[in-house]
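These notes concern the structure reproduced below.
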2 protein chains.
Amino acid sequence: MSTRRTMRDVAQEAGVSIMTVSRVINGQPGVLPETAARVEHAIRRLGYQRNDAARQLRRRGQPTQIIGMLVDDLANPFFAALARAVEDAARQRHYVVLIGSSNDSLDREREVVAAFFARQVDGLILVPVAGSHRFLASQMAQGTKVVCVDRPVDGLDVDRVLVDNRRAAGDAVRHLLEQGHRRIAFLGDRDDVWTISERYVGFCAVLGEQGLEPDPQLVRRGLRSRAEAAAAVAELMALPQPPTALFTSNDLTTMGAIDSGHGSVALVGFDDFALADKLTPPVSVVTQDPAAMGGAAAELLFSRISGDTSPPRELILSTRMVARGSGEVPATAVTAADSPAAAAGQ
Amino acid sequence: MSTRRTMRDVAQEAGVSIMTVSRVINGQPGVLPETAARVEHAIRRLGYQRNDAARQLRRRGQPTQIIGMLVDDLANPFFAALARAVEDAARQRHYVVLIGSSNDSLDREREVVAAFFARQVDGLILVPVAGSHRFLASQMAQGTKVVCVDRPVDGLDVDRVLVDNRRAAGDAVRHLLEQGHRRIAFLGDRDDVWTISERYVGFCAVLGEQGLEPDPQLVRRGLRSRAEAAAAVAELMALPQPPTALFTSNDLTTMGAIDSGHGSVALVGFDDFALADKLTPPVSVVTQDPAAMGGAAAELLFSRISGDTSPPRELILSTRMVARGSGEVPATAVTAADSPAAAAGQ
DNA sequence: TTGAAAGCGCTAACAC
DNA sequence: GTGTTAGCGCTTTCAA
């Protein structure tokens with residue numbers, strides 16, 4: 001492992017001063033074409049590559065052209081699409097992107113964020129976990145820009161790109177109500193995830209509009225995996241009065257519900273996923289657009305990095321209820337077998 | 001935007017020398033607890049964060065604790081899972097990860113790789129696109145470690161983590177042959193992707209074992225999207241002698257085949273995907289394990305970074321043929337209408 | 001058009 | 001236990 005080449009090496013090789021090399025590398029004027037050619041040649045011969053860290057050190061105040069992006073789980077297609085959009089936006093601006101997954105752990109998030117800041121990132125796109133993010137404040141005071149996406153951050157006034165989770169969840173529930181469903185179950189991922197609790201609020205609100213209350217038996221929260229969601233659905237369907245419809249709070253719980261194989265119960269899930277339209281029945285969902293969210297967050301971040309100091313903005317992107325079949329399974333058939341008494345009551 | 005805090009600021013605030021601050025920050029011995037406490041306090045008050053770039057500059061020869069990872073498309077679940085595994089391995093070693101997508105463009109790859117090298121990455125995990133990668137050689141000569149994953153790299157002797165694409169594709173085709181299929185179509189993504197052409201070779205080889213040759217009419221290569229794959233399948237099925245089985249060369253083409261809605265034709269795809277087992281019929285696949293591939297690549301890279309100078313290694317991870325139903329659709333029904341005799345009739 | 005000197009924030013090596 | 005000096009690779013400033 002030989003040591004890395006420096007401008008000194010190039011200068012020596014080309015028989016010029018280090019300063020001339022610098023000028024050539026940075027395309028600055030005032031170098032004879034002939035001299036420049038000699039330098040270029042030396043650069044090629046030695047495989048020299050500018051050390052941006054050293055460069056950055058001297059050009060104090062200039063951006064490092066690095067941003068950090070911290071998502072919940074990069075392996076989740078939703079966050080992967082979001083990350084890809086951020087990366088595209090960054091590349092267009094000649095930025096590189098540090099990536100990390102918090103895995104919904106505040107400690108891990110803090111650790112990764114610290115590592116990003118130590119590399120002097122100009123900005124951070126953050127899918128924050130629950131908990132206090134006061135530790136971000138001092139970095140922001142020193143000039144690092146932060147934009148939250150998918151979730152807002154606790155106790156910190158920063159730009160955010162969100163969707164209206166309550167309304168979107170409400171749309172899903174309303175859709176089920178319109179099909180005649182009254183016994184609608186809620187399948188929730190971890191409760192401490194902001195999006196999930198918002199969706200629960202939306203779920204309850206729309207039931208409330210109809211004078212209904214969520215049946216505690218039909219509300220299953222804190223499901224941490226696809227398998228747990230599947231088990232929960234199996235239990236629900238084994239109840240004396242099973243639900244006629246399910247609202248699943250995210251992609252994982254939706255897949256769990258599908259795993260459980262209860263095809264006759266109506267289902268609307270939050271988040272779209274590949275091939276949802278090819279299942280039997282095709283799965284109805286409320287969808288958000290992760291690429292658009294990532295793109296918007298990047299846009300916001302780069303405008304801040306470029307000096308935009310206007311008050312923090314909140315961007316609410318739209319969602320869409322996509323009816324495909326699973327949400328249009330009628331309530332009647334099941335309701336009849338379900339409990340004549342209960343049905344009569346409604 | 002105030003300027004960032006430095007050790008100087010902390011030293012002044014704590015009334016000590018900058019060297020004492022450095023010792024405290026780096027947990028070096030030989031500082032009175034009392035002094036250390038004063039420094040710690042100042043650090044907290046100022047929100048000081050060590051500048052790792054400057055640190056790295058002085059500790060020449062020491063690793064920067066940054067690696068780069070360049071995949072084809074981060075939004076593709078296969079690469080997302082791979083990236084996540086790399087990230088986990090990196091975090092355990094207190095490394096951060098720069099991410100990029102090449103989008104199958106050599107220019108874009110070169111651009112991103114250059115940006116990574118300029119940041120002095122200790123290593124690079126690369127899913128190389130087609131074309132010469134000579135430009136990597138000079139960086140490697142200067143000590144940057146490179147590991148290729150999913151695909152080998154042209155004209156460069158580096159560590160690689162692959163699967164035996166020929167054999168895996170052969171397994172799929174053999175499986176179809178065992179079900180009696182003889183008219184098996186090949187649906188291929190871009191031809192210049194190494195994995196795809198390898199799979200085609202495997203496809204032909206196993207047909208050859210049976211004394212068969214691929215029917216040019218049934219070989220569709222260069223399909224660049226799910227939609228193109230769907231259209232190709234539709235065309236195939238409209239042939240006078242349609243195939244009785246399809247072998248799709250990756251997840252995108254598999255999904256395209258599913259989109260085309262020809263449920264009666266047998267199908268085995270390369271790469272598993274979410275809910276493949278829940279489709280009608282459930283989709284049979286040959287699967288590789290992207291997380292394992294990413295993990296193995298990271299392992300290899302970090303052992304190189306730690307000084308392992310043994311000759312380049314090639315790691316071949318295993319694949320698995322997963323029969324779920326779509327690959328077990330019998331050939332008979334269709335074959336009848338299909339046989340040479342019947343062909344004459346048509 | 002080119003170069004010499006200073007210094008970015010930090011740490012290695014050596015004082016005290 | 002603490003401080004001083006020098007210098008990492010680069011760019012800024014100023015001189016030639």
Side-chain angles (χ1 to χ4, degrees), chain A residues 2-40 42-43 46-66 117-121 142-144, chain B residues 2-40 42-43 46-66 117-121 142-144:
Chain A
S2 79
T3 170
R4 282 195 163 83
R5 304 306 190 169
T6 72
M7 277 194 184
R8 233 236 250 324
D9 300 323
V10 176
Q12 188 166 8
E13 177 83 8
V16 295
S17 86
I18 190 179
M19 204 43 236
T20 303
V21 177
S22 173
R23 285 197 252 267
V24 172
I25 299 259
N26 295 294
Q28 283 168 11
V31 181
L32 280 178
E34 203 179 303
T35 317
R38 254 197 358 268
V39 171
E40 302 269 24
I43 288 173
L46 298 175
Y48 169 79
Q49 180 103 31
R50 182 175 67 194
N51 182 335
D52 275 22
R55 177 174 206 246
Q56 166 55 28
L57 193 57
R58 194 60 182 80
R59 310 177 31 176
R60 207 177 30 142
Q62 294 299 103
T64 57
Q65 313 215 105
I66 310 177
F117 283 150
R119 264 77 184 193
Q120 313 296 112
V121 293
Q142 290 175 59
T144 309
Chain B
S2 79
T3 170
R4 283 194 163 83
R5 302 307 189 169
T6 72
M7 277 196 186
R8 231 235 248 328
D9 300 322
V10 177
Q12 187 167 8
E13 178 83 8
V16 296
S17 88
I18 189 178
M19 203 46 232
T20 302
V21 176
S22 172
R23 285 198 252 266
V24 172
I25 300 262
N26 294 295
Q28 284 168 9
V31 181
L32 278 179
E34 202 178 301
T35 316
R38 252 194 5 264
V39 172
E40 300 270 25
I43 288 173
L46 298 176
Y48 169 79
Q49 180 103 31
R50 182 175 68 193
N51 182 335
D52 274 23
R55 177 175 206 244
Q56 166 54 27
L57 194 57
R58 193 59 184 81
R59 312 176 48 199
R60 207 177 30 143
Q62 294 300 105
T64 57
Q65 312 216 107
I66 309 177
F117 282 150
R119 264 78 185 193
Q120 313 296 114
V121 292
Q142 291 174 59
T144 309

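Just so we're on the same page: letters track the sequence lines, and every chain starts at 1.
The shortest distance between the side-chain N/O atoms of A:T20 and the OP1/OP2 oxygens of C:dG3 is below 4.0 Å. Contact between the side-chain N/O atoms of A:T35 and the OP1/OP2 oxygens of C:dT2 is found at a separation under 4.0 Å.
For the atom pair CD (A:Q56) and CD (A:Q62), the distance works out to 7.5 Å, reported to the nearest 0.5 Å. Residue A:T6 holds its OG1 atom at 6.5 Å from CD1 of A:I18, rounded to the nearest 0.5 Å. Between A:R119 atom CZ and B:I66 atom CD1 the span is 5.0 Å, to the nearest 0.5 Å. One finds the CZ atom of A:R4 at 4.5 Å from the CD atom of B:Q120 (value rounded to the nearest 0.5 Å).
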Protein-to-nucleotide contact annotation, 5' to 3' order, nucleotides 10-16 of chain D [B base; S sugar-phosphate only; - none; under 4.0 Å, heavy atom]:
BBB----
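Partners of A:E13 under the side-chain hydrogen bond (donor to acceptor under 3.5 Å, both in side chains) rule, at least two apart in sequence or in another chain, are A:R45. In this structure, B:R38 has no side-chain hydrogen bond (donor to acceptor under 3.5 Å, both in side chains) partners at least two apart in sequence or on a different chain. Under the rule for a side-chain hydrogen bond (donor to acceptor under 3.5 Å, both in side chains), A:Q65 has no partner lying at least two apart in sequence or in another chain. Listed by chain and residue number, A:R50 satisfy the side-chain hydrogen bond (donor to acceptor under 3.5 Å, both in side chains) test with A:D52 (two or more places apart in sequence, or in another chain).
If one axis is set at each end of the helix from C:dT1-D:dA16 to C:dC16-D:dG1 from five pairs, those axes are 40° apart, to 10°.
Rounded to an integer number of Å, the gap from CG of B:L57 to P of D:dA6 is 18 Å. Here the C1' atom of nucleotide D:dC8 and the CZ atom of A:R4 are 14 Å apart, to the nearest Å. Per the geometry, CD belonging to B:Q12 stands 14 Å off P belonging to D:dG3, to the nearest Å.
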